Amino acid sequence: MLTRKQHELLMFIHERIRETGVPPSFDEMKDALDLKSKSGIHRLITALEERGFLRRMEKRARALEVTRLPENMAETVRPATTRSQSQRILPSARHGRPDPRHSAPRRAMGDGETAVNVPLVGRIAAGTPIEALQNRISDVPVPSGMIGKGEHYALEVTGDSMINAGILDGDTVIIQECGTATTGEIVVALVDDNEATLKRLRRRGDSIALEAANPAYETRLYGADRVKVQGKLVGLIRRY
């Protein structure tokens, strides 16, 4: 038996994922349920998870999956439909020409090279940190030579703060999952367990700087305990 608020939240998350392919943000859930703080949402999600209605994906920001609905609901859970990657036109030239000396790794697939399907799990901000929209949307075929050891995932880039690293708004970046990175590497950084961004990581004593590759954006400095590395950039895919 669910409480009224638990039921409301579960159905709100279910409908949003079915309509858009991604779960709502904590702020959207808070506003939808007319709660004063996000701590109430955290408690409701934990309760729904304990009862088997929701599942949180490890090492992902804002990643929720509805595993079942209340028994009195006639409708069954089904995955949302989204546009395939091949249907999107990704902008490139309007942002100017990136500096080739600092470009993200990318190359064409060679003759006879096989492709590996990598899950596209949402969008990542290359700009001011925003919540990562992470929920498996589709698979992206990636040249096998681009994939190393371990798990990988793909993210669609929003924003232009990494333009001088050759990463444009609309590009798809290939990320190797890892929890640490060498200073100077481009990483997916999770800030305060809530907001994710794509930046170059610099270690400065006990602090971590998340550095943009666009002079229009300032470098942001955080305490080391506020930043978690979610993976590092290993490749980039662009459609013209």
Side-chain angles (χ1 to χ4, degrees), residues 57-63 85 90 98-107 109 115-137 139-214 217 219-238:
M57 298 171 65
E58 294 293 329
K59 300 180 180 179
R60 295 284 190 271
R62 188 175 155 179
Q85 177 130 338
L90 304 183
D99 186 344
R101 295 172 298 174
H102 305 291
S103 295
R106 60 183 185 274
R107 61 178 180 81
M109 187 181 298
V116 177
N117 282 333
V118 171
L120 176 68
V121 297
R123 302 180 183 90
I124 187 72
T128 302
I130 62 172
E131 283 187 278
L133 311 182
Q134 295 190 333
N135 195 49
R136 187 172 186 142
I137 297 171
D139 288 326
V140 178
V142 177
S144 57
M146 189 183 292
I147 303 298
K149 296 181 180 179
E151 299 296 322
H152 295 71
Y153 59 93
L155 292 165
E156 183 181 327
V157 175
T158 65
D160 61 356
S161 74
M162 298 303 289
I163 186 172
N164 288 339
I167 303 171
L168 309 182
D169 181 38
D171 283 347
T172 299
V173 289
I174 309 303
I175 305 297
Q176 180 184 39
E177 285 193 26
C178 61
T180 60
T182 303
T183 188
E185 289 186 308
I186 296 175
V187 303
V188 173
L190 185 65
V191 180
D192 295 333
D193 289 321
N194 185 48
E195 298 179 325
T197 188
L198 186 71
K199 290 290 184 294
R200 194 177 299 277
L201 181 145
R202 304 282 186 189
R203 299 188 185 277
R204 298 181 179 178
D206 294 332
S207 299
I208 290 179
L210 298 180
E211 180 182 283
N214 182 338
Y217 293 82
T219 296
R220 294 178 178 267
L221 195 64
Y222 301 93
D225 60 335
R226 296 181 60 192
V227 178
K228 294 179 181 178
V229 174
Q230 301 285 283
K232 60 182 179 181
L233 178 71
V234 297
L236 180 148
I237 298 173
R238 178 174 301 150

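Note that this is a predicted model, so its numbers are computed, not measured.
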Does T197 reach the main-chain N or O of A125 with its side chain, forming a donor-acceptor pair under 3.5 Å?
-> yes
With sequence neighbours excluded, what pairs up with K232 under the side-chain hydrogen bond (donor to acceptor under 3.5 Å, both in side chains) test?
-> none
Can you list the residues that meet the salt bridge (Lys or Arg N to Asp or Glu O under 4.0 Å) rule with E151, with sequence neighbours excluded?
-> none
Here the pair of heavy atoms bringing A165 nearest to R200 is CB-NH2, 4.0 Å
Taking all atoms of both residues into account, what is the closest heavy-atom pair of T219 and A209, and its distance?
-> CG2-CB, 3.8 Å
Specify the closest pair of heavy atoms between G166 and L236, including all atoms of both residues, with the distance to one decimal.
-> O-CD1, 3.7 Å
Value for CZ (R220) from OG (S207), rounded to nearest 0.5 Å, stands at 15.0 Å
Of all residues at least two apart in sequence or in a different chain, which pass the side-chain contact (heavy atoms from CB on, under 4.5 Å) check with A154?
-> V118, L120, V140, T172, I174
With a 4.5 Å limit on heavy-atom distance, are the side chains of L233 and V187 in contact?
-> no
Residue list, side-chain hydrogen bond (donor to acceptor under 3.5 Å, both in side chains) with R204, at least two apart or on another chain = none
Applying side-chain contact (heavy atoms from CB on, under 4.5 Å) to N117 and not counting sequence neighbours gives D139, P141
Determine, step by step, whether D171 and R238 satisfy the side chain to side chain contact (heavy atoms under 4.5 Å, CB included) criterion, reporting the C-alpha distance in whole Å, the side-chain angles of both residues, the deciding distance to 0.1 Å, and the verdict.
-> CA-CA 5 Å; D171 283 347; R238 178 174 301 150; 2.6 Å; yes
Side chains of E185 and L201 in contact at under 4.5 Å (non-hydrogen atoms) = no
I167 versus I186: any side-chain heavy-atom pair under 4.5 Å?
-> yes
Check: K149 main-chain N/O paired with Q176 side-chain donor or acceptor under 3.5 Å | yes
Would you say V157 and I124 make side-chain contact, with heavy atoms under 4.5 Å?
-> yes
Side-chain touch D169/T158, heavy atoms, less than 4.5 angstrom = yes
Who pairs with T183 by side-chain contact (heavy atoms from CB on, under 4.5 Å), at least two apart in sequence or on another chain?
-> R202, R203
Could you tell me which non-hydrogen atom of V234 sits nearest to which non-hydrogen atom of H152, and how far apart they are?
-> CG2-CD2, 3.9 Å
Can you check side chain to side chain contact (heavy atoms under 4.5 Å, CB included) on V191 and L210, steps first, answer last?
-> CA-CA 10 Å; V191 180; L210 298 180; 3.9 Å; yes
